[in-house]
Every structure is written in C-alpha cells, then in structure tokens.
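Structure, as structure tokens:
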Amino acid sequence: MTKLSMDNIVEKVDELPSLPQVVVRVMELTEDPDSSAFDINEALSQDQNMTAQVLRMANSLYYGYSRRISTVTDAIVLIGFNAVRSIVLAASVSKILKKELNGYVMGEGQLWVHSQCAAVFARLLAKKTQFRSVELAYTATLLHDIGKLVMNSYVRDAYQDVIDVVNMEKLTFDEAEKRIFGFSHPVVGGKVAEKWNLPGDLVEAISCHHDPSAAESNPKLTAIVHVADAVTLQMGMGLGVDGLLYPLSKEAVDLLEISEGDLEGLMAEIVDLFIDKDVFN
Ligand SMILES: [Fe+2]
Ligand SMILES: [Fe+2]
C-alpha cells in the first residue's frame, strides 16, 4: 500500500456533499443577534423534509418538555436558537453518517448511532463541566468521526495490513491508519470540517479526538469530544472493528475535573434518553 498524498485526500473530501444551503443560512441567522425566530422559520420552511426531521429530533431529544414541539417557532422558544441550529446540522448530516462503512466493519446506521450517542453525552458533559458552549460540544462530537467516510475505502482495501500493524506494533487504530496511509480519520475529518467552513475550534477537536493533549486552541472542547467518544465506545454504542482500540486519556479526564462517579451518573442519564428510539431516526 503506497501512502496517500494530500491531493488524494482533498479529492476524496470534495466528493462528500457540501452542507445544504438551508443549513448554511440557518447557521448564519442563529449567529446574527438581529434575527428572530420568524426568520429561522422562514429559512427552514424552504425545506419541508428538513423541517419535519428537525421537529422529530427536537421532540425526541428534548422529550422532557411537557408540551410537544410542533412548530419551528415553538422549538426556538423552548429549546433556543443554538439547540435548533445543532439539530439542523445533525439532520443535514444524518444521511451521510448513516452509510455503511465496511472498512471499519460498521453496518448501515451504526456510525450515526455512535455519533448521536456521543454527541448527546458531550452535551451533558459540557453542562456538568460548565463548558461555555454546550452546542459547540454537541456539534463537534456529532462530527468527530466524519473522516471515516473518506478513509473507509482505503481502510477496506488495505484491511489486513491495518489489522496487522495494530496487532504487531501495538498501535491504536488511528496510529495504524497514519502509519499505513500517512493520514488518519481524525485529521481527515478536520479537513471535511474545514471544507464546510466550520469554526477552527471544532476543526481542532475533530482532528485531535484520539490525541486530546495535542489540542492547543481549545483543549477543553477536545477533551469533551474525546471523553464522550470513549465513554460511548465503552457503552458498546456503534462499535466497529476499531471501537475497543482507543484508550481513554487520563489527561483529558483531569482537564475536565470529572470523577469516575460523575461519568457513571451521566451514563445512566443517557441510557434513559436512548430508550426513545426516535433519537436515531
Ligand atoms: Fe475516531
Ligand atoms: Fe468515535
């Protein structure tokens, strides 16, 4: 297997769909202090499927609210601009995250379950650790493994080599990817996030999710993504061939100042949340 070049990666990243225009518009509107719930409703109403999916996700992720969320305006009032923005982004990437990834031995829908579960965990963890942007933590975690979509065919074609390197050199799976291809799924995922013009902190958190001590600009965000990913894997949510091959970084846990007991408490909370299978639709 010859190493890949940056051109190979960029070409592959370009094959991924770009973010739909409606998502870009909603992201702009939620950042503009002058925009209202009405404006966002307007923008979303251009895409009925997206609206329906946003409402379904808002209800299943926030079913603790006593009233049912039946319109976009309701959703904005009840869960806020930023939460609506994350749901719009989640709805728009759900289709590609649901794809089968045979290189990683993940069936259809498995990466989506893993990503969604980790992202919801990250939101709880962000709240618990008083991280300033709960929704940024959600979005970064939702997208953390997006590079797997790009790396999938390479890993599939060199599957045995990757496994051999993992076993013989005792490397983690992402290190083996790097050894064989010159690139690993976190770094490639960062390239996807860059292409989508997502914020720099988010790009860093995706690129460093298996090596959180490498984060410089927002180490806390990266630590949240890392811990949420590791805990989700421990819970067996969306395990592929590599699922059990990533250690939990003690540095990340220390940086967040959370205890084992805190993590267990959050795990119990998330199990309750996922009883509602609608979350994964
Ligand atoms: Fe990963
Ligand atoms: Fe992951």
Side-chain angles (χ1 to χ4, degrees), residues 19-31 35-99 108-128 131 133-146 224-225 228-229 231-232 235 237-238 265-281:
L19 285 182
Q21 203 42 45
V22 51
V23 179
V24 176
R25 183 78 193 117
V26 168
M27 290 175 78
E28 281 167 9
L29 285 170
T30 48
E31 265 148 37
S35 67
S36 64
F38 176 82
D39 297 327
I40 293 181
N41 196 12
E42 266 293 278
L44 267 180
S45 65
Q46 311 293 317
D47 186 335
Q48 288 308 316
N49 283 337
M50 174 80 78
T51 307
Q53 204 181 352
V54 166
L55 292 174
R56 197 165 59 229
M57 286 176 78
N59 277 300
S60 54
L61 286 170
Y62 297 88
Y63 69 101
Y65 287 99
S66 50
R67 20 187 301 225
R68 201 133 177 97
I69 301 172
S70 51
T71 65
V72 171
T73 317
D74 268 1
I76 294 166
V77 172
L78 288 167
I79 66 177
F81 273 116
N82 292 340
V84 169
R85 179 180 48 198
S86 339
I87 292 176
V88 170
L89 186 69
S92 75
V93 295
S94 68
K95 201 162 153 222
I96 55 171
L97 286 179
K98 280 176 187 164
K99 286 198 175 142
E108 203 184 315
Q110 248 187 307
L111 180 62
W112 173 242
V113 168
H114 170 68
S115 307
Q116 180 73 315
C117 184
V120 173
F121 191 88
R123 184 187 271 138
L124 299 177
L125 188 56
K127 278 190 194 148
K128 179 95 195 161
F131 180 64
S133 176
V134 172
E135 293 305 322
L136 184 63
Y138 173 87
T139 308
T141 310
L142 186 77
L143 299 175
H144 75 277
D145 274 335
I146 195 122
I224 290 175
V225 175
D229 180 34
V231 168
T232 305
M235 291 170 72
M237 302 296 278
L266 296 178
M267 274 191 230
E269 232 178 283
I270 203 174
V271 167
D272 282 352
L273 193 61
F274 286 124
I275 289 172
D276 183 350
K277 288 280 176 271
D278 269 2
V279 175
F280 299 122
N281 281 338

- Task: Answer whether the closest heavy-atom distance between the side chains of Trp112 and Leu142 falls below 4.5 Å.
- Result: yes
- Message: I'd like to know if the side chain of Thr139 and the backbone of Leu136 have a donor-acceptor N/O pair within less than 3.5 Å.
- Response: no
- Working for side chain to side chain contact (heavy atoms under 4.5 Å, CB included), residues Asp74 and Arg68: CA-CA 9 Å; Asp74 268 1; Arg68 201 133 177 97; over 6 Å; no
- Spell out, as yes or no, whether a donor-acceptor pair under 3.5 Å connects the side chain of His114 to the backbone of Leu111. no
- Can you find a heavy atom in the side chain of Gln116 that is under 4.5 Å from one in the side chain of Met237? no
- Message: I want to check something: taking the side chain as every heavy atom from C-beta on, are Leu143 and Leu89 in contact at a cut-off of under 4.5 Å?
- Response: yes
- Task: Pick out which of Val23, Leu19, Val24 makes a side chain to side chain contact (heavy atoms under 4.5 Å, CB included) with Gln21.
- Result: Val24
- Query: Side chains of Val88 and Met27: does their closest heavy-atom pair fall under 4.5 Å?
  - Reply: no
- Side chain proximity check, Lys99 to Glu108, heavy atoms < 4.5 angstrom: no
- Is the side chain of Ser35 donor-acceptor paired with the backbone N or O of Leu29 at a distance under 3.5 Å, no angle test? yes
- So, do Val84 and Thr30 sit near enough that their side-chain heavy atoms are less than 4.5 Å apart? no
- Can you measure from CZ (Phe81) to CD1 (Ile40) and round to the nearest 0.5 angstrom? 4.5 Å
- Message: Is the shortest side-chain heavy-atom distance between Phe121 and Leu125 below 4.5 Å?
- Response: yes
- Item | Straight-line distance of Asn49 CG to Ser92 OG, nearest 0.5 Å | 13.0 Å
- Would you check if the side chain of Asp47 reaches a backbone N or O of Leu44 as a donor-acceptor pair within less than 3.5 Å? no
- Query: Would you say the side-chain atoms of Asp229 pair up with the backbone N or O of Val225, donor to acceptor, closer than 3.5 Å?
  - Reply: no
- Taking C-beta and beyond as the side chain, do Arg25 and Pro20 meet within less than 4.5 Å on heavy atoms? no
- Query: Quick one: does Asn59's side chain have a donor or acceptor within less than 3.5 Å of a partner on Ile69's backbone?
  - Reply: yes
